[in-house]
Trainee: 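Got a structure for you, written out below as structure tokens; questions coming shortly.
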Amino acid sequence: MPVVAFDVKDFEERGYPAKRLQELLPSLGMEAEIAESGEIKIETMPNRPDLLDFIGIIRALDHFTGKRSPRENFYKIEKEPVLVIDVDPSVKKIRPYIAGIVAENVDFSGNLLKYAINFTNKFTETYGRKRRKLALGIHNLDRIKGNITYAAAEEGKMTPLDESGEVSFSDVLKKNEKGIEYGGMYSSQKKPKLPFIKDGEKVLAVIPIVQCEQTRAKEDTKNIFIDITGTSEVAVENAANLIAAALIYSGATIYPVTVNYRKSAVQTPEFKEKQMKMSLRRAEFTLGVALGRHNVVGLANKMGYTAAKYGNSIVFFVPPYRLDVISERDLIEDVAIAFGYDNITPLPVTGVADGLAQDTAEQENRLATSMVGLGYTEAINSILTNEITNFENVQHKYKEGEYVQIADAKTEQTTMVRTDIVPCLMQNLSISTNEKMPQRLFEIGRVFSLDGSTIRESSKLAFVAEHSRANFSEIRSSVEAMLKLSRIDDYKIEATNDASYIEGRCAKVVSNGSTLGIFGEIHPKVLSRFGLEEPVVAAELVIIKEIRYEV
Amino acid sequence: MHEYEIKLLNGLKEKKGQSIGQLEKSIGLSQDSILWAAENLSKSGAVVVERGAVRSVSVTKEGEGYLKQFPEEGVVRLLEKSGGREKIAGIKDKIGVIWAKKNGWISIDNGLASLTQSGREAAKEGQYELREAFNWIYSDQPKMNEKAASMKGVVDILAKRNLIEVDEKNVILAISITKEGLAMLSGAKAEKGVDALTRDIIKSGIWERQGFKPYNINAPGETVYPARMHPFREFSNFLRQKWLEMGFIEVSGPIVETAFWNFDALFSPQDHPTREMQDTFFLSNPESLTIEDLETLQKVRKMHIKGWKEQWNEEIASEAVLRTHTTSVSARYMRKLATTLNANYPLKLFSIGSVFRNENLDYKHLAELHQLDGIIVGDNLTLANLIDTLRKFFSKLGMDNIKIHPQYFPFTEPSLEGLYYDEEHGDYIELFGGGIIRKEITKAMGTDKTVLAWGIGVDRFLLNRNILGVDSLPAIFKNNVGWLRSRENLKV
């Protein structure tokens with residue numbers, strides 16, 4: 001979930017002291033953490049990019065508390081476009097869409113500019129998928145000369161933000177901090193064409209990497225131009241609407257920008273009226289709340305909608321910043337939030353049902369009880385392991401394609417899924433050498449093997465005993481006891497070889513022609529790999545050879 | 001006094017300050033028995049136990065390659081051969097260069113390494129204090145302890161270079177008898193009567209004449225540990241029991257899963273950040289798995305294209321992953337119920353199992369976690385029903401004051417989150433997430449029923465509620481034998 005940080009003072013100034021925030025934000029699905037420094041970190045829901053912004057959160061609070069009610073036709077754009085963007089065909093295959101916003105009388109004083117930049121970064125990181133799908137830049141409108149062109153080229157020159165002189169596009173990619181961070185998306189080409197915007201005299205931004213120093217917005221900047229570019233037309237449109245709406249709420253005036261594509265021209269941003277109907281009956285059946293007795297229009301207002309009752313339905317007017325509202329369910333959820341989840345009276349599910357435990361779980365519990373009876377303590381290890389522990393330390397050879405491998409683990413400890421349990425238990429003994437002997441451990445768990453591209457999941461029981469007199473006959477007795485308890489009478493114990501065990505002191509259990517397991521005295525070479533100084537005997541038995549799920 | 005105690009005191013009478021090893025030989029008791037007797041006797045002041053730290057040193061695998069020659073020696077020899085000078089870039093062994101410089105054997109100027117006077121000597125003499133000490137440690141390992149302490153400087157350097165491993169243990173160095181001990185010993189001899197009861201003594205009736213020697217019933221017994229199940233099994237069984245009591249059926253599903261059932265079937269967009277490597281374990285072998293249910297595949301494709309207005313790629317859905325939540329099991333069962341005739345609705349299911357997060361592992365984080373998922377499938381099910389079910393479950397665990405807040409999950413709407421107030425931390429802590437499964441999903445799974453769903457992070461719950469008296473998850477799954485045997489019982 002995205003987290004955004006603010007100064008709690010800015011909320012206080014607008015009538016929301018810390019205590020009130022901690023009460024209000026969770027009711028709206030946000031979590032707040034306030035540090036002693038006065039910094040408030042707010043975790044927002046990923047489907048609500050409008051709440052990544054300070055203005056957006058204030059707006060949600062204003063509506064929710066009734067401090068400011070939503071009004072009809074509040075979100076308006078001036079009629080006459082004041083700026084033109086010409087789109088060059090060269091961007092078509094790279095990043096085809098652009099929208100522009102011109103806003104006058106913007107307030108960037110105090111922390112507001114910082115918040116706007118933080119929003120830009122968070123928004124393009126999450127909703128913009130690390131700027132691939134969507135990116136935006138805020139410019140000082142008064143520093144832009146003439147019309148804007150959106151094009152792509154292999155080379156060019158610009159003065160990146162925080163730098164003093166002109167540099168080439170390829171140096172932006174290679175040397176600029178943002179170029180290194182975001183240039184990766186072009187690295188597949190040897191000489192990539194970079195999208196950029198320019199006005200009559202200079203390049204304003206290399207997209208989606210860095211904008212120019214000359215048009216940097218400052219705390220006293222009043223008039224701004226925002227460029228929004230991306231690979232998805234809907235995402236670019238949505239972002240323009242969301243940002244324009246926030247600017248309007250904070251008191252700015254928005255002018256449209258004309259975007260000339262080769263064959264068509266559009267104006268951005270463009271607020272389309274969005275009306276949606278919610279059936280009262282369906283809302284009641286979804287929530288289990290008798291809404292008829294409540295002021296549903298009032299609940300809609302608390303969530304920022306203007307609304308009207310229409311027969312047995314409520315018509316909602318969806319404000320332009322609510323990108324997430326697409327179905328009736330979204331409206332029902334918002335009504336529930338306004339109503340308060342804690343105000344919903346719980347209703348029992350009707351109908352009789354019998355509980356039923358799963359056979360495999362019960363079988364494992366019975367085996368575990370028996371193992372405890374034999375003096376073994378249970379271990380539970382992760383199925384994630386590595387080749388050294390799982391194979392090399394127990395002197396087993398391995399081949400790619402016979403076990404399940406992890407693609408890109410963060411640590412070398414987790415590069416594969418285990419094929420056996422005994423190595424895990426040996427690992428457990430190796431960290432317990434200071435503990436009192438005898439030590440006896442067992443584990444019941446899953447192991448995985450691979451045959452071509454078919455994965456086999458098995459359930460196994462493994463146990464180990466370490467102490468000065470541990471020997472073959474001890475482990476044989478325990479193995480046979482477990483076989484008897486599992487009602488396996490028809491089995492043979494045959495000599496076998498396994499590099500983990502001492503030759504001549506290793507046996508397998510065979511029943512009806514299939515091998516049920518292996519046991520014996522662990523080889524001293526294996527013991528020393530695990531740093532063990534006492535004899536260890538071990539067994540690994542199959543409980544279910546191949547687990548097949550019902551689904 | 002116990003037989004072992006008398007034996008130990010007798011053994012100590014002969015000689016002052018004996019080590020455990022010496023005593024083992026002289027009095028014929030095992031190490032454990034001596035330790036136990038010494039512990040008892042030291043409590044009553046009969047013996048004095050002298051403890052101290054002992055360092056033991058062993059050569060690492062890397063170190064084995066250093067026995068003949070240290071890299072810095074190699075560097076000066078190389079320089080000697082090439083006339084005392086060499087370009088740094090031409091010397092492969094960078095570690096050798098660093099140490100040769102540190103030792104003052106070479107000087108580096110303008111990318112050129114030159115032998116110094118002491119470097120020339122080092123190259124000729126072939127005597128290198130570090131290597132000699134190291135060889136001696138290698139050959140003399142078992143007897144290392146005391147001498148190693150005197151060579152601290154060298155040992156520290158070698159350990160820093162990862163050539164040896166130093167292990168420090170607090171052990172008993174010597175045991176001596178006190179005046180009280182001697183007095184006790186002479187008193188003990190005076191005691192008469194039958195000591196250990198044997199078959200012969202019982203049969204012969206000799207105890208009737210001699211009576212029994214009284215034992216010191218205040219002497220502490222040896223600590224014994226019962227074998228036990230892993231606390232996680234106990235906790236998991238406890239939770240299972242509660243859902244079974246509430247009429248839920250237990251189910252399970254694959255751990256190695258297709259991205260399809262783990263993500264796509266649950267409406268998670270294919271370009272969503274959680275699907276990236278950093279959070280999910282994707283497999284390299286096998287890279288992909290077959291999606292067998294072609295009908296659901298087509299429906300899920302439609303759901304994605306319509307809902308997210310993006311292309312949907314079957315290959316991405318076929319990628320093999322370790323499941324990131326047990327909600328994949330819930331998805332599979334929604335589908336299964338849709339194809340089951342005469343199901344008796346409402347149906348209540350739960351599953352508990354391992355889930356995986358590709359995280360950096362440390363004292364707080366594990367890659368394998370556990371989740372409990374539940375669904376109720378039926379007609380006319382409401383958010384109020386879901387809230388009731390979860391409140392009931394947690395009140396069975398003694399948690400009556402749960403807060404329920406809105407939340408967002410890609411597969412439910414409305415969605416909710418349950419929290420409880422943790423008095424120790426003075427904060428609300430998350431317990432579960434849930435909601436009503438989106439209509440888009442139930443439709444793609446082929447059912448017209450309503451599905452209530454939720455998931456509970458079992459490990460966090462176990463830790464946060466202080467059920468085991470442990471505040472770190474890795475401690476629970478490290479499986480140290482001592483901890484497993486002596487841990488607290490569950491507080492539930």
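All chains are named by letter (A, B, ...) in the order of the sequence lines, taking the proteins before the strands, and each is independently numbered beginning at 1.
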Trainee: Which region of B:Leu390, side chain (C-beta onward) or backbone (N, CA, C, O), has a non-hydrogen atom less than 4.5 Å from a non-hydrogen atom of chain A, or is it both or neither?
Mentor: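 Nothing of B:Leu390, per the 4.5 Å heavy-atom cut-off to chain A.
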
Trainee: Which residue out of B:Arg332, B:Lys478, B:Lys336, B:Arg228 racks up the most heavy-atom pairs below 4.5 Å with chain A?
Mentor: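 Top option by heavy-atom pairs under 4.5 Å: B:Arg228.
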
Trainee: Is it the backbone or the side chain of A:Ser27 that comes under 4.5 Å from a heavy atom of chain B, or both, or neither?
Mentor: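 Just the backbone, heavy atoms under 4.5 Å.
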
Trainee: With a 4.5 angstrom heavy-atom cut-off, could you sort out which part of B:Thr389 is near chain A: side chain, backbone, both or neither?
Mentor: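 Contact with chain A involves the side chain of B:Thr389 alone.
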
Trainee: Quick one: of A:Ile337, A:Val289, A:Ile332, A:Leu450, who has the most non-hydrogen atom pairs under 4.5 Å with chain B?
Mentor: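 Winner by heavy-atom pair count: A:Leu450.
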
Trainee: Given heavy-atom pairs under 4.5 angstrom as the criterion, report whether the side chain, backbone, both or neither of B:Thr223 touches chain A.
Mentor: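 The backbone, not the side chain.
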
Trainee: Is it the side chain or the backbone of B:Phe350 that comes within 4.5 Å of chain A heavy atoms, both, or neither?
Mentor: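 Neither part, no heavy atoms under 4.5 Å.
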
Trainee: Does any non-hydrogen side-chain atom of A:Asn365 lie less than 4.5 Å from one of B:Arg240?
Mentor: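 They are in side-chain contact.
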
Trainee: Verify, without hydrogens or angle tests, whether B:Asn358 (side chain) and A:Lys410 (backbone) share a donor-acceptor contact under 3.5 angstrom.
Mentor: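 Yes, because the side chain of B:Asn358 sits within donor-acceptor range (under 3.5 Å) of the backbone of A:Lys410.
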
Trainee: Relative to chain A, which segment of B:Glu222 carries a heavy atom at a distance below 4.5 Å: side chain, backbone, both, or neither?
Mentor: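 Side chain only.
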
Trainee: Check this for me: does any side-chain nitrogen of one of B:Glu440 and A:Arg329 sit under 4.0 Å from a carboxylate oxygen of the other?
Mentor: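 Looking at B:Glu440 and A:Arg329, the cut-off is not met.
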
Trainee: Which one, B:Arg438, B:Glu413, B:Lys403, leads in non-hydrogen pairs under 4.5 Å with chain A?
Mentor: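 The answer is B:Glu413.
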
Trainee: Going by heavy atoms in the side chains, are A:Val349 and B:Asp388 under 4.5 Å from each other?
Mentor: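 The answer is no; the side chains never approach within 4.5 Å.
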
Trainee: Using modelled atom types and a 3.5 Å cut-off, is there a donor and acceptor pairing between side-chain atoms of B:Asn479 and backbone atoms of A:Ile380?
Mentor: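 Yes, the answer is positive, given that a donor and an acceptor are paired below the 3.5 Å cut-off.
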
Trainee: With only heavy atoms counted, which part of B:Lys348 is less than 4.5 Å from chain A, the side chain, the backbone, both or neither?
Mentor: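 Side chain only.
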
Trainee: Let me know if A:Arg48 has heavy atoms under 4.5 Å from chain B in its side chain, its backbone, both or neither.
Mentor: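 Neither part, no heavy atoms under 4.5 Å.
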
Trainee: So which part of B:Glu417 gets closer than 4.5 Å to some heavy atom of chain A, the side chain, the backbone, both or neither?
Mentor: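 Answer is side chain: those atoms of B:Glu417 sit under 4.5 Å from chain A.
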
Trainee: If we only count heavy atoms from C-beta on, is the B:Phe356 to A:Thr414 side-chain gap below 4.5 Å?
Mentor: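 Answer no - side chains too far apart.
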
Trainee: For B:Pro410, which atoms come within 4.5 Å of any heavy atom of chain A: side chain, backbone, both, or neither?
Mentor: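 B:Pro410 has no heavy atom closer than 4.5 Å to chain A.
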
Trainee: Let's test your reading of the structure: which of B:Pro346, B:Ala320, B:Ser252 forms the most heavy-atom pairs below 4.5 Å with chain A?
Mentor: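 Result: the option with the highest number of such pairs is B:Ser252.
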
Trainee: Could you tell me which of A:Ala357, A:Pro348, A:Gly288 has the largest number of non-hydrogen atom pairs under 4.5 Å with chain B?
Mentor: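 Of A:Ala357, A:Pro348, A:Gly288, A:Pro348 has the most heavy-atom pairs under 4.5 Å with chain B.
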
Trainee: So for B:Ile476, is it side chain, backbone, both, or neither that comes closer than 4.5 Å to the heavy atoms of chain A?
Mentor: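 For B:Ile476, neither part sits under 4.5 Å from chain A.
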
Trainee: Rounded at 0.5 Å granularity, tell me how far CZ in B:Phe409 sits from CG in A:Asn47.
Mentor: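 Atom-to-atom, B:Phe409:CZ and A:Asn47:CG are 11.0 Å apart.
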
Trainee: Mind checking the CD1-CG spacing from A:Ile406 to B:Leu283? Nearest 0.5 Å is all I need.
Mentor: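 Separation between the atoms: 5.5 Å.
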
Trainee: How long is the gap from NZ on A:Lys133 to CG on B:Asp271, to the nearest 0.5 Å?
Mentor: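 Taking NZ in A:Lys133 and CG in B:Asp271, the distance rounds to 5.0 Å.
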
Trainee: Can any side-chain N or O of B:Glu368 pair as donor or acceptor with the backbone N or O of A:Ile383 at less than 3.5 Å?
Mentor: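 Pair found, side chain donor or acceptor close to backbone of A:Ile383.
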
Trainee: Only pairs of heavy atoms separated by less than 4.5 Å count here; which of B:Ser351, B:Ser415, B:Ala367 has the most with chain A?
Mentor: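 Highest number of pairs under 4.5 Å: B:Ser415.
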
Trainee: Could you check whether B:Lys439 pairs with A:Glu328 (Lys NZ or Arg NE/NH1/NH2 to Asp/Glu carboxylate O, under 4.0 Å)?
Mentor: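 Salt bridge absent between B:Lys439 and A:Glu328.
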
Trainee: Checking heavy atoms, do the side chain of B:Glu310, its backbone, both or neither come under 4.5 Å from chain A?
Mentor: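 For B:Glu310, the side chain is the part near chain A, not the backbone.
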
Trainee: With a 3.5 Å distance limit and no angle check, can you tell me whether B:Asn385 reaches the backbone of A:Leu347 through a side-chain donor-acceptor pair?
Mentor: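 Side chain of B:Asn385 to backbone of A:Leu347: a pair is present.
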
Trainee: Which heavy-atom pair separates A:Gly29 from B:Gln407 by the least distance, and what is that distance?
Mentor: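 Closest approach of A:Gly29 to B:Gln407, heavy atoms only: O-OE1, 4.3 Å.
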
Trainee: Measure B:Asp293 against the heavy atoms of chain A and call it side chain, backbone, both or neither at under 4.5 Å.
Mentor: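 Contact with chain A is absent: no heavy atom of B:Asp293 under 4.5 Å.
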
Trainee: B:Pro286 and A:Ile455: which non-hydrogen atoms are nearest, and at how many Å?
Mentor: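 Of all heavy-atom pairs spanning B:Pro286 and A:Ile455, the closest is CG-CD1, 3.7 Å.
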
Trainee: Counting only N and O atoms by type, is there a donor-acceptor contact under 3.5 Å from the side chain of B:Arg233 to the main-chain atoms of A:Glu378?
Mentor: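 Not confirmed, B:Arg233 side chain does not pair with A:Glu378 backbone.
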
Trainee: Can you tell me which of B:Asn380, B:Ile376, B:Leu416, B:Thr382 forms the most heavy-atom pairs within a distance under 4.5 Å of chain A?
Mentor: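 It is B:Thr382.
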
Trainee: Please classify the contact of A:Asp334 with chain B as side chain, backbone, both or neither, using a heavy-atom distance under 4.5 Å.
Mentor: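 Neither part; nothing is under 4.5 Å.
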
Trainee: Heavy-atom distance under 4.5 Å to chain A: side chain of B:Lys392, backbone, both or neither?
Mentor: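 The side chain, not the backbone.
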
Trainee: If we only count heavy atoms from C-beta on, is the A:Gln439 to B:Arg485 side-chain gap below 4.5 Å?
Mentor: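 Yes, at least one pair of side-chain atoms sits under 4.5 Å.
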
Trainee: Among B:Tyr345, B:Phe248, B:Trp483, which has the most heavy-atom pairs under 4.5 Å with chain A?
Mentor: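 Among the listed options, the one with the most contacts to chain A is B:Phe248.
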
Trainee: Side chain, backbone, both or neither: which part of B:Arg391 has an atom under 4.5 Å from a heavy atom of chain A?
Mentor: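 Interface part for B:Arg391: side chain.
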
Trainee: Contact part of B:Ile255 toward chain A, heavy-atom cut-off under 4.5 Å: side chain, backbone, both or neither?
Mentor: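 Both parts, heavy atoms under 4.5 Å.
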
Trainee: Are the side chains of A:Tyr341 and B:Pro414 in touch, meaning some heavy atoms are under 4.5 Å apart?
Mentor: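 They are in side-chain contact.
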
